[in-house]
Amino acid sequence: MDRQSSQPTLQTIAVVGLGTMGTGIAEVLARAGREVIGIDISEAAAQRAATALAAATARSVARERLTEQERADVLARFRTFTDLGAAAEADLVIEVVPESYEIKQQVFRELDAIVRPDTILATGTNALSVTRMAAESLRPERVLGLHFFNPAPAMKLVEIVSCVLTAPPAVEAVTELARELGKEPVPVGDRPGFVADGLLFGYLNQAAAMYEARYASREDIDAAMRLGCGLPMGPLALLDLIGVDTARTVLEAMYASSGDRLHAPAPILGQLAEAGLTGQKSGRGFYTYEAPGSSVIVRDLQTPLDGSLVGTGRPVSSVGVAGSGTMASGIAQVFAQAGYSVVLAARSQEKAEAAKAAIGKSLGRAVSKGRLSEEGAAQTLDRITPAGSLDAFAEVDLAVEAVAEDLAVKQELFATLDKVCKPGAVLATTTSSLPVIAVARVTSRPQDVIGMHFFNPAPAMKLVEVVRTVLTADDVHATVREICLKVRKHPVDCGDRAGFIVNALLFPYLNNAIKMVEQHYADIDQIDAAMKLGGGYPMGPFELLDVVGLDVSLAIEKVLHKEFRDPGLAPSPLLEHLVAAGCLGRKTGRGFREYAARR
């Protein structure tokens with residue numbers, strides 16, 4: 001009796017569908033000591049799954065993570081079949097068949113006649129209604145969703161999806177199983193996409209639409225999100241990995257449920273899917289791959305020209321940076337470290353001196369961490385000349401403003417730069433949300449004005465969004481791209497519209513996360529965990545919102561809503577209420593979370 005009680009409740013588990021996801025789930029289960037019954041109507045698929053498990057465990061032995069005996073035990077626990085009847089002895093069945101109601105319901109109907117009354121039936125869907133599948137089962141209280149993420153052996157998140165028909169003991173059993181597998185179970189309700197995919201696919205859809213509109217190249221969109229947000233993959237490369245057809249199916253289900261235009265699949269997804277260009281698995285999607293199933297991208301007709309063919313820029317040896325805050329100091333440090341003579345101008349000489357002192361401290365930290373020599377730090381600091389007036393910009397070749405994100409303030413500054421700077425000087429704004437053309441038009445030389453959006457902290461972040469207006473001269477664009485490379489930054493090109501690339505994709509995602517909390521679908525901890533563990537995000541959306549500042553986030557969301565007039569971009573009322581209450585994030589000690597002890 002004691003021996004029996006020590007056994008896991010769910011010991012024998014059937015996995016129906018041995019594609020990439022089913023094979024990964026089977027591996028996780030077998031490694032964790034479960035008896036695994038792998039079922040697929042295709043004998044070839046079943047054989048591939050067995051071969052994949054053999055290869056994966058062989059690699060583990062080579063890396064000394066498994067012994068030969070442990071490997072033999074894992075392989076012995078995995079048996080494959082082509083008949084659903086093999087699931088008769090299972091305590092739990094996980095179906096991972098194609099994302100189609102008809103196919104999944106057929107599997108569930110057949111399982112109803114095969115498995116024991118106490119067997120739990122789990123669907124691996126990431127888009128379809130669990131409630132609908134449960135309602136048509138003979139045992140709706142035993143039906144739930146068990147959503148693993150790809151690759152299942154590596155990804156920690158498992159979303160446990162219950163509906164109004166699911167019995168709590170079934171949820172408890174699979175939750176405990178997930179923990180025993182070394183996963184992080186997150187309980188969610190039944191709605192298309194659940195938490196992680198519900199947020200992820202809206203963002204992917206917006207990226208596809210951005211590319212379809214030819215606003216930016218696929219390479220620049222992907223680089224912007226990797227380098228600007230620290231994501232492991234860009235959105236278009238991720239769509240190719242997931243499968244363009246799969247993404248379209250998920251978005252169709254989400255749109256049918258939400259009616260939100262942000263979930264309406266971008267037409268390009270349908271066009272690629274109908275053409276069979278489904279991503280890595282077909283050898284071509286947004287990118288072209290070495291072969292079907294390969295992840296190696298090869299050049300095609302859409303691959304950008306070499307940077308040397310962009311054009312010739314203007315000579316730049318001296319740079320002026322206007323501002324005294326963190327961004328201005330960081331940009332000045334970047335240029336000075338790259339060998340440029342820098343004039344750092346603020347509203348007073350004292351503020352400029354203080355900004356230079358802040359750069360000195362930053363360089364000192366770099367020295368203490370071994371990233372810079374003391375001599376290099378001293379030379380960098382010597383290249384920076386503090387000034388209390390923009391008059392000091394008279395001879396600079398490039399003037400970069402990094403002042404308050406206020407259009408009137410920037411326009412006043414650019415009107416002054418127009419008078420002070422020599423003819424041919426490039427004038428750049430670091431705005432993250434305002435129209436560049438609006439500051440260009442207050443000058444007599446709008447052709448010399450361009451956006452050069454650095455990310456904070458500028459010395460560490462590699463991305464610069466290069467924003468051309470309809471009036472920006474070609475050689476000005478070439479100049480800024482050349483300079484970005486010289487200061488070891490990665491330039492991405494985009495047009496002059498709200499949010500550019502990063503903020504236009506990031507903030508609707510953050511806004512949708514807030515709406516999930518507003519709708520009581522999930523709490524902030526569940527959502528943050530889901531996006532970090534399921535999406536590979538370095539920070540959850542609420543951690544990021546509190547770091548960025550809720551007031552800054554609200555301002556950007558208002559700009560996006562005003563520009564694109566999409567109801568789905570309207571800022572969440574919860575965000576507006578928190579800002580009105582002075583809860584602005586870490587800087588005030590309270591945002592979505594509290595950071596200061598209560599008095």
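A quick note: this is a predicted structure, and the numbers were derived from the prediction, not measured. For the numbers below, each heavy atom of this structure counts, side chains included, while hydrogens, waters and symmetry mates do not.
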J.: Kindly write out the residues that satisfy ring-ring contact (aromatic ring centres under 6.0 Å, His included) with Phe81, not counting sequence neighbours, or none if the list is empty.
T.: none
J.: Could you tell me whether the side chain of Arg71 reaches within less than 4.5 Å of the side chain of Thr67, counting heavy atoms only?
T.: no
J.: Within a reach of under 6.0 Å around CZ of Arg65, are more than 12 heavy atoms found that belong to other residues, nucleotides or ligands?
T.: no
J.: Could you pull out every donor-acceptor pair under 3.5 Å between side chains of residues 261-277 and any protein atom, sequence neighbours left out?
T.:
| residue | atom | partner | partner atom | Å |
| --- | --- | --- | --- | --- |
| His263 | ND1 | Ser258 | OG | 2.8 |
| Glu274 | OE2 | Arg248 | NH1 | 3.0 |

J.: Can you sort out the partners of Tyr215 under ring-ring contact (aromatic ring centres under 6.0 Å, His included), two or more places apart, ordered by chain and number?
T.: none
J.: Report the residues that fulfil ring-ring contact (aromatic ring centres under 6.0 Å, His included) with His147, sequence neighbours left out, ordered by chain and then residue number.
T.: Phe149, Phe194
J.: Could I get the full list of side-chain contact (heavy atoms from CB on, under 4.5 Å) partners for Ala14, not counting sequence neighbours?
T.: Ile37, Ile39, Ala87, Ala90, Val93
J.: The criterion is ring-ring contact (aromatic ring centres under 6.0 Å, His included); which residues satisfy it with Tyr203, sequence neighbours excluded?
T.: none
J.: For Ala504, give me all partners under side-chain contact (heavy atoms from CB on, under 4.5 Å), at least two apart in sequence or on another chain.
T.: Met210, Leu560
J.: Residues in side-chain contact (heavy atoms from CB on, under 4.5 Å) with Glu64, at least two apart?
T.: none
J.: Take atom CD1 in Ile103; do more than 12 heavy atoms of anything else shown fall under 6.0 Å from it?
T.: yes
J.: By the salt bridge (charged side-chain N to carboxylate O under 4.0 Å, His left out) test, which pairs, at least two apart or in different chains, include something from residues 187-207?
T.: none
J.: Hey, are Lys104 and Glu95 close enough for a salt bridge, meaning a charged N less than 4.0 Å from a carboxylate O?
T.: yes
J.: Please list all pairs meeting salt bridge (charged side-chain N to carboxylate O under 4.0 Å, His left out) that have one or both residues in residues 127-151, counting only residues at least two apart or in different chains.
T.: Asp112-Arg139
J.: Sort and list the pairs that fulfil salt bridge (charged side-chain N to carboxylate O under 4.0 Å, His left out) and have at least one residue in residues 150-171, not counting sequence neighbours.
T.: none
J.: Could you tabulate the donor-acceptor pairs under 3.5 Å formed by side-chain atoms of residues 288-297, not counting sequence neighbours?
T.:
| residue | atom | partner | partner atom | Å |
| --- | --- | --- | --- | --- |
| Thr288 | OG1 | Asp300 | OD2 | 2.8 |
| Tyr289 | OH | Asp240 | OD2 | 2.7 |
| Ser294 | OG | Val296 | N | 3.0 |

